[in-house]
Structure formats: C-alpha cells, structure tokens
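Below, read A as the first sequence line, B as the second, and so on, with proteins coming before strands; counting in each chain starts at 1.
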Number of protein chains: 2
Amino acid sequence: MSSPVPPRSSLTHRVPDLGAMVLLLAVARHGSLGRAAKEVGISQPAASGRIRSMERQLGVALLDRSPRGSRLTDAGALVTDWARRVVEAAEAFDAGAQALRDRRDSRLRVAASMTIAEYLLPGWLIALRAERPGTAVSLLAGNSAAVALRLLAGEADLGFVEGLSTPEGLDGTVIAHDRLVVVVAPSHSWARRERLTPGELAEAPLILREHGSGTRQILDAALAVHGGLARPLLELSSTTAVKGAAGSGAGPCVLSELALGEELSARRLVKVPVAGVRLRRQLRAVWPAGHRPTGPARDLLSLTARETGA
Amino acid sequence: MSSPVPPRSSLTHRVPDLGAMVLLLAVARHGSLGRAAKEVGISQPAASGRIRSMERQLGVALLDRSPRGSRLTDAGALVTDWARRVVEAAEAFDAGAQALRDRRDSRLRVAASMTIAEYLLPGWLIALRAERPGTAVSLLAGNSAAVALRLLAGEADLGFVEGLSTPEGLDGTVIAHDRLVVVVAPSHSWARRERLTPGELAEAPLILREHGSGTRQILDAALAVHGGLARPLLELSSTTAVKGAAGSGAGPCVLSELALGEELSARRLVKVPVAGVRLRRQLRAVWPAGHRPTGPARDLLSLTARETGA
DNA sequence: ATGAGGTCATAGGCTGGAGTTATGTCCAGC
DNA sequence: GCTGGACATAACTCCAGCCTATGACCTCAT
C-alpha cells in the first residue's frame, strides 16, 4: 500500500543529497551530532533534523542516540559505507573540476589523454592536494598529439599519455600499465568460455571506438600476426556508448580495464581471457626532452611514479 | 576579486548536487536541454537554469548551445564522465538503501557478510533490478554465524559469506575469490620492496581489524607455518579506520582487495606482494542444505554465480 | 543531592534556491 | 516569410533547510 510508486521517484528523491552524506560521515567519525554539525559548519539542530529526515527518507534508523552521543546502528554503518563511496566520487569530481577551472594562475599545468584525465587524474589530484595543499592545477585533456604539442609549446608542464612509445621530442617514464580486456554481456556465449584464442578474437566482429582511438591501435598491433582485426560490428564515439552496447548484448568489445569498474562487479559485463596475446599499453608521464620536471610538476610525478622508482 | 574564498567552501558548495548531475547525463544522452528536462521531469527553463548555474559554479562552459540542440564541450565531456561516477555511486547507495528498508513485503530476503553487503551487493541489486524489475529485496548484514542462523531459521532465502568453508547445515557455491593484500603508505619502506617473504610479514607488527574478523582468520591460517602473526601494531574496529591509519604512515596493514579502490589508484596506499603465500578467501553463496534456491533467489544467484557455472 | 556540562529534540520565523508559466529570440527548412 | 524546435529571460510561488532559543535528559563531580 505504501508504494504505488509515484513516477516522480527519481534517484534524486530516494537518495539523500551530498550534504547529508557528508554530515553522516562526520557523525560517524565524531560520535556526536553536535560536533559533526560544527565540523560541517551548521548548527546542531540543523544536523539533527537533517539526519532525521534522512532516516525518514530511507526508512531506517541510522543512529543510536543517547545523552552521551550518537553511534551508528548496524544499518547505519552500512549506509555510511555506501555514502562514503558517493562522497569519494564527489571529491574526485571536485578535484577534477577545479583543475578544469583554474586555467589562469595555476602553478602546475597538466595535459593528459582522455582516459587518464577521466579515471586516474582526479585521484592523483586529491593525493597531491593532501601533500601540497594550495597547489593550483590546471588540466587540459586531449589525445597524445595534442598533449605533445602543448608540452613543446610550453603551455603545459607535465603530460600523461597512453601508447606504445614516448612521442617525438619528449622524455618520459612509464608510470603504470593499462590492460585491455575483452568483455561481453553475461548472456553472450563467450561469457562461458574458459579462454579465447587470438584467432577467434581477430575473426570476431567487435564493438569498437572509432578509428584513431588508442585502444584500437593496440588491438590492431597485437592481432596483426593473427590475421588482423575483422570488420567491426559497431563503431561508437564514446567508451560509455561501447559499454552500453556490449552490456545490452550487441556483441563483444575491448576496453581498458580502467573503464570497467562497476560493470564487472555488478556482472553487467564479464571478462573473457585471451590466450597468448599481450593486450597492454603503457601509461607514461612525459615532459619536453631534457627538461626534467621541477617544483609542483615533480611533486605530481613522484606521486604517480613511485612504483617504478622514476 | 571574485574569490576571497569564504571558508564555507565545503565540498557541498563546490560540487553540483545529484539532480544537476543526473540532468547533465540526460543532456549528454539526448543532445537537447528540453528533452533532457522532460526525461528528468522538470520544465525546460528549469533545466536551462540548472545547467547554467552549474557552469557558473564550476567556472567552465559545459555545453555548446545552438538553436539545433546542445552538445557537450570538451570540458563538458570530462565533467560528464566524472559526474557519471558520482551518479553510479548514488545508484548503488539507492539499491542498497532500498534493500535495507523493504524488510516487510520483500520477496527475496538476503543475508550477507559486511564486506559483501558493502562492496558487492549493491551492484548485484542494480543488475537484478535491470533483469527482474520489481523484485523487492531485503538485506540483513552480519557475520557468517549470523547469516547461517538467519538461513536456518527461515528468515532469509539466500546468504553470502566469506570464509574457508561452507557453514554447518548449509549448501553453497563459491562465487568469487577475494584476495587479501598487504598495503602500506607510499612513504613506508616496504613501498619500494619488490616482494616480501612470508616470514617478514609474520614478524611485522600490523594494523589489523579487531579479533574475530574474517581477514584476520585467513591471515592467521596462512602464516601459521611461518611462525604465526606477530602482536598487532594497532587494532581498529572498521576497515575505514585501518585504511586511514595505514595511509597516514602508521604501518602496514592487510585488507581485502575489494576494500581498496580509490586508495590504490590515487597512490594513497600501495600494494606489497608477498611471495609464496596464498592470501585468498572464497566468497560463497549459501542456502539451507537441500533447499536449492528458487524464484528470485535463483535469479540473484545466477547473476552472481555465472562465472563458476553453478 | 544538586548543579554543571554534555547530548539531542522541539518550536517558530526567515531566506533563498529551484520550480513553474508565459513570453522572447534565434535559426533552419519548407 | 512563416512555422517549429531549442534555448533564454522574466516574474512569481513555494518549500526545504537554516538559525536562535529553549527544553529534556543523562552523567559526573562536588
């Protein structure tokens, strides 16, 4: 009876807003509504009301209130963990958005490929902010050629690219590897395959990004000896579109592991291992040849490059 | 002049709210403010204003508006991708929260361990919703013993547990593996180690969850032959607290790979491989012995279990 | 016991953001 | 030149969330 599902039940109406989630995290940390309120800069009654209305909205008690403070209930702990993930995504959004804005007075100008800007950079910026607060960063996203151009023109201090080699005129260091994986919808016949031969992959019509995408180049190179890539099943312009098409069962696709998070753990898409082909590409930090990064650029570089000791 | 940065610059004030992000995604999909407005159930001027104020807030133009529609700018595409991740996290929140609420008339009652409820279940619920809309699910989170109890008492239809074996009285199937990894802050000396010997790990004082946690049991078992676990450096009550302590350099810790997302890619924490020890645990779906799941429980099970063909 | 200091809840009044409808501007194509 | 789609502007309404002030309750020290 309670839910004839009024169609206005959009996500927004079922989910508390960011402010409420931030507040909840603060309450969890402090064990007190009042102190949490202080932390987020509102009054204690405001905090009390906000949490209460969140409990109403979710239909679950989140806190055990006592005159000695407030502790999370079991359900509250779970909700808090989910909220934390939302807030972390929002922090990444914020870090990225600030870099997009700052353009002018920024002390560190970064140019990065789309994939890196999308999936990796926000995290790095958060880490950088933690270590060197107040470093204003600006971000420019583009393909490898554009990144190289910016660096050589002195319009960027540090670049990040995917690809097989360091672009002409630049020095660089490999900071990570990005594996390409073949994925299909769970209903696809390949989903039950133990593993695929390179030949099968080469012959199969795939859902791909448009020509010129980095993913496609790697794939071409890796499969050249196995007869080359078959004619694509579909060519789409964004990673998201590719994921969507593959997820709805249109066919197999090849994507960067970075682009697949949620989809894999929710089993909307499943990986299909391919035997004997190395579908990796390198992620590199790059800079104009001979000009090792200094200052803020060095800070960011050392954040990202630690693993390879660069 | 424009920004003497009023200290009220909390996350909430710098980041657009969920509604705005959902709207932006709709605009990206439809290529038109008006149609996006219709999709999210608001008027065209409202949508126009919302996007405009988001652009003001971020200081970046997101759309190229023309009398023929609206397309994302380059920056807009990036912002949209970041927004998508926030919205996805919010959807997971929503899926989980609904399961927490529904208690009453739910057709599928799930009991799950904390780790699974926290990291995996929301994704499964989203997938389940996509395949079987309208399945009301209720969730109860607890440790393995609690899950078993619920199932045997007929208070839950399907359970998910971590651990080395299927609990007494239940049948089950392994649906995935969860690797435990040793992680340290990037500044820790281990961060530069190629790999660790089991002996070193056993001897080192670690940051751990309190006694009785699943992680700790596995670790104990795996290191028993190497002299057993040393006295812990710190015992904390939540995964988050452990991550926090390790991240600020207090020492090494051992965590489920599931719990480490952001932290690894942002390099707040780095993995340290350990030679020759199998730090895995199995994630199992379980049900009362002899009563193979049917109906909605079967649907959910087949969502999660596909990979092992169960 | 009794008062101090902490926690949370309630009440009343204010404000601003976001929504709505109505209308204007601009461009493309018939 | 007119029609239709798409976005912008304007004026008005309304409610969600905030603040201050106050009350109730518990614990602990005096």
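- Summarising the geometry, the separation between NZ on B:K38 and P on C:dG19 is reported as 17 Å, rounded to the nearest angstrom.
- In summary, contact between chain B and DNA chain D, defined as any nucleotide atom under 4.0 Å from a heavy atom of the protein, begins and ends at D:dG5 to D:dT9 in the 5' to 3' direction.
- Between the side chains of B:R129 and B:T135, not a single donor N or O lies within less than 3.5 Å of an accepting N or O.
- Atom NE2 of A:H30 and atom P of C:dC8 are 12 Å apart (whole Å).
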Checklist entry - For A:E131 and B:R268, what are the C-alpha separation, side-chain angles and deciding distance, and is it a salt bridge (charged side-chain N to carboxylate O under 4.0 Å, His left out)? => result CA-CA 10 Å; A:E131 277 190 26; B:R268 269 200 298 277; over 6 Å; no
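- No salt bridge links A:R85 with B:E118; every basic N to acidic carboxylate O contact stays at or beyond 4.0 Å.
- Salt bridge A:E263/A:K243: present, at least one basic N to carboxylate O contact under 4.0 Å.
- By the 4.5 Å heavy-atom criterion applied to side chains, A:T12 and A:D17 are not counted as neighbours.
- Using a 4.0 Å cutoff on non-hydrogen atoms, the parts of residues 43-62 of chain B near DNA chain C are B:S43, B:P45, B:A46, B:R50, ordered by number.
- A salt bridge is absent between B:E91 and A:R14; no separation between the charged side-chain nitrogens and carboxylate oxygens falls under 4.0 Å.
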With 3.5 Å as the limit, what N/O pairs link the protein to nucleotides 25-30 of chain C?
none

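- Here the side chains of A:P16 and B:F93 are in contact, with some heavy-atom distance below 4.5 Å.
- Whole-Å rounding puts the B:D17 CG to C:dG17 P distance at 12 Å.
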Next on the checklist: Assess the residue pair A:E55 and A:R65 against the criterion (salt bridge (charged side-chain N to carboxylate O under 4.0 Å, His left out)); give the C-alpha distance rounded to whole Å, side-chain angles, the decisive distance to 0.1 Å, and a yes or no.
Outcome noted: CA-CA 13 Å; A:E55 288 177 319; A:R65 289 150 236 249; 2.2 Å; yes
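- No more than 12 heavy-atom neighbours from other residues, nucleotides or ligands sit within 6.0 angstrom of CZ on A:R71.
- In this structure, B:S248 contributes its side chain and B:G244 its backbone to a donor-acceptor pair below 3.5 Å.
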